[in-house]
There are 2 protein chains.
Amino acid sequence: MKAAISSLISSRNFNLHQFSLSRSIFRQPSLLLPSHFPVIFTGANLISHKFRFHSIKSSPIMASSFSPEQARSPPALPLPIPPVTKFKIALCQLAVTADKQRNIEHARKAIEEAVEKGAQLVVLPEIWNCPYSHDSLPLYAEDIEAGGDASPSTAMLSEVSRRLKVTIIGGSIVERSGDKFYNASCVFGTDGKLKAKHRKIHLFDIDIPGKITFIESKTIAAGQTPTVVDTEVGRIGIGICYDIRFPELAMMYAARGAHLICYPGAFNMTTGPLHWELLQRARAVDNQLYVATCSPARNADASYVAWGHSTLVGPFGEVLATTEHDEAIVISEIDYSFIELRRTNLPLLKQRRGDLYQLVDVQGLKSE
Amino acid sequence: MKAAISSLISSRNFNLHQFSLSRSIFRQPSLLLPSHFPVIFTGANLISHKFRFHSIKSSPIMASSFSPEQARSPPALPLPIPPVTKFKIALCQLAVTADKQRNIEHARKAIEEAVEKGAQLVVLPEIWNCPYSHDSLPLYAEDIEAGGDASPSTAMLSEVSRRLKVTIIGGSIVERSGDKFYNASCVFGTDGKLKAKHRKIHLFDIDIPGKITFIESKTIAAGQTPTVVDTEVGRIGIGICYDIRFPELAMMYAARGAHLICYPGAFNMTTGPLHWELLQRARAVDNQLYVATCSPARNADASYVAWGHSTLVGPFGEVLATTEHDEAIVISEIDYSFIELRRTNLPLLKQRRGDLYQLVDVQGLKSE
């Protein structure tokens, strides 16, 4: 655990030095419970108080009046009041093996440990119950709608979320539905019920010769629906991995009132160092909300080698907690009051030029 | 000059190490001409050849067919063939004083020096001919449309661009037009003619208490038109500083076929370290094009202290050249063939979900 924290600190030095406004990122020692996973804590309690009393009402900002409400169609919703403002999130960066039953038990233990450490929201990695390869994906698929024995992975998530009263963004697993397969993320509420299922919308079809070529659409079908879900820890938008490359999705989620976007994802050894953190920070700073990612731990022997580096980013684009590539549970505090503060500091929503551009949320518009 | 290069290298270590695919960034010694400005060269000739022969035709990518063309309205234009594929760009990070005539002569010399070093495109900073303060902005304003003696700054840009046959993105100056003032960027072609004028669309009205509060709209009126201009060095979109915070503008420019977006800008000591590089890299990686920024040099005694760090970013979001905060001319090579290569590696344009979202370019649609 010391090693994990030390590598965390060294990898973040660059950002920390730059972040002059910073909520100072501090670490808490591990709690007294025995730990199977290295656990990383960060928090921002003290500084957030300092900030809060500066904020909001007396802002001298004069919003420009160029139809900012028309910059989204339907118009952006006001940020909903979340059931809790401050809570702990856990990103379970799990090692994944070819043994599905072991993966399920391992994930269960990680969730239990995260909850013991105080997490009210637990995020799992993309494809956490099987190896990410064309051969494996169909073999490990589950019929999520049928549930029970047809979907042991989601049965576990349902059981543990109900038992521990925790909200779970269940990473993703392969869903079998008729003759199709989807890369699907299931969200469970504290009552153990499936609150939402997001099927990956943008499939990972890329070709960087000599580096990484993968055509996910050979095996997986694309989802048809953006997913925003109201949970006991706020309104959460869901994307899976490659979905993060499309700024439109995050912009729609923000317009639908999301506090947080969770992207279970498994970037690779080429796109990971190039783009993983950049994309998370970009989505957070542009939309002034929290972004959380959760990757599998790296397995250098796998056919697809994941980058790791599960991360929480705040609404100023600041990295609040992250880790390297080994198995870890990253625990950090989310404080939604920062969203409002940042939107007062930089009132982008009121400054948009709806007279010049408009992002249309097609399904959002139809459902009005 | 040695100091400038050495600080460049140390500040970039973090990214360079991460950029495993990297066009390796190397430096050339200064040419033999006497130099008044520290000049920073980078280039990528060797590696770009290596890449080029891998690319394009034989891609195994299967584009998903979810109406990607509908993700932009009007539909995104194909990338135009630029007049040149490879050329040198210069970012003149100039020290700005209260002496306007000195600022004009200083800028002229910097442009001359950049051209001597081989630059075919020169970018100046935001508000390069006067201090950035509410008191100064109206006093230094020029009537750009009247030209001649009414606009000595643009008269100089016209003269030097024609004489040296160079394309100039003239940073920005304050434009007086009737009873209004604009923050305006003038683009001059190699014939000395004003090819385009961009008036800053999104005004810098921000309030981070105790850090930075500025209400640009007290003095400056907002522009009404996005600006993309065909030049002898490709199709260029123009934004000024705060314009970079709005991803919609860059997305529209990409859809209009821009190869490069230039943002003259003067971020400050709070938002500079937090967001300046992040926003540039985000616009570049999401839109798969080049992004260039040019800031004034830092003056710690000024009422508004600029961050500096003028930067060129490539279509993979990679920092190709940058500098610290002192006066400098950053010279780097742009190779537009990388745009096509990156769009083949990651075919985002074909993978967009026009069935789920659409960005409307309001003026682009009206002009169809």
Side-chain angles (χ1 to χ4, degrees), chain A residues 14 18-21 54-55 59-64 66 71 201-203 205-211 213 215 217-218 222 224 226 245-249 251-252 269-270 273-275 278-279 281-282 285-286 316-318 344-348 351-353 355-363, chain B residues 14 18-21 54-55 59-64 66 71 201-203 205-211 213 215 217-218 222 224 226 245-249 251-252 269-270 273-275 278-279 281-282 285-286 316-318 344-348 351-353 355-363:
Chain A
F14 186 78
Q18 287 202 329
F19 189 39
S20 57
L21 241 194
H54 277 293
S55 82
S59 163
I61 296 297
M62 296 155 53
S64 60
F66 297 104
I201 289 173
H202 303 90
L203 297 178
D205 290 356
I206 81 169
D207 178 31
I208 306 179
K211 297 286 181 182
T213 299
I215 310 296
S217 62
K218 276 186 187 172
Q224 303 292 353
R245 288 203 177 265
F246 297 82
E248 300 91 337
L249 188 65
M251 291 158 83
M252 288 196 300
M269 300 299 289
T270 298
L274 284 168
H275 297 150
L278 171 62
L279 291 170
R281 295 185 63 211
V285 75
D286 284 343
F316 237 16
E318 73 279 33
T344 305
N345 294 154
L346 301 175
L348 304 180
Q351 294 168 328
R352 284 187 195 133
R353 295 295 301 263
D355 57 333
L356 299 179
Y357 45 76
Q358 180 178 66
L359 181 71
V360 180
D361 176 342
V362 174
Q363 292 183 359
Chain B
F14 186 78
Q18 286 203 330
F19 188 38
S20 58
L21 242 194
H54 276 293
S55 80
S59 163
I61 297 298
M62 295 156 52
S64 60
F66 296 105
I201 289 174
H202 303 91
L203 297 179
D205 290 358
I206 83 167
D207 178 30
I208 307 179
K211 296 287 182 181
T213 299
I215 310 297
S217 62
K218 277 187 188 171
Q224 303 292 354
R245 287 203 177 266
F246 297 82
E248 300 91 337
L249 188 65
M251 291 158 83
M252 287 197 298
M269 299 299 289
T270 298
L274 283 168
H275 297 150
L278 171 62
L279 292 169
R281 294 185 63 211
V285 75
D286 284 343
F316 236 17
E318 73 279 33
T344 305
N345 294 153
L346 301 174
L348 305 179
Q351 295 168 329
R352 284 188 195 133
R353 296 294 300 261
D355 56 333
L356 299 178
Y357 46 75
Q358 180 178 65
L359 180 71
V360 181
D361 176 343
V362 174
Q363 292 183 358

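So that the names make sense, note that chain A is the first sequence line, chain B the second, and so on, each numbered from 1. Note that these values count all heavy atoms, side chains included, but never hydrogens, waters or copies made by symmetry. These figures come from a predicted structure and were not determined experimentally.
- The heavy-atom pair separating A/G317 from A/R281 by the smallest distance is O-NE, 2.6 Å.
- Of the possible polar contacts, one joining the A/R353 side chain to the B/I201 backbone as a donor-acceptor pair under 3.5 Å is found.
- Here the straight-line distance linking atom CG of A/D355 with atom CD of B/Q224 works out to 6.0 Å at 0.5 Å rounding.
- Taking A/D361, A/D286, A/L359, A/L356 one by one and counting their heavy-atom pairs under 4.5 Å with chain B, the maximum is reached by A/L356.
- Residue contact with chain A, scored on non-hydrogen atoms closer than 4.5 Å, involves the backbone of B/L203 exclusively.
- With a 4.5 angstrom heavy-atom cutoff, A/F246 touches chain B only via side-chain atoms.
- Ranking B/H275, B/Q363, B/M252, B/R245 against chain A, the residue ahead of the rest is B/H275, based on heavy-atom pairs under 4.5 Å.
- Formation of a donor-acceptor pair under 3.5 Å by the A/D207 side chain with backbone atoms of B/N345 is not found in this model.
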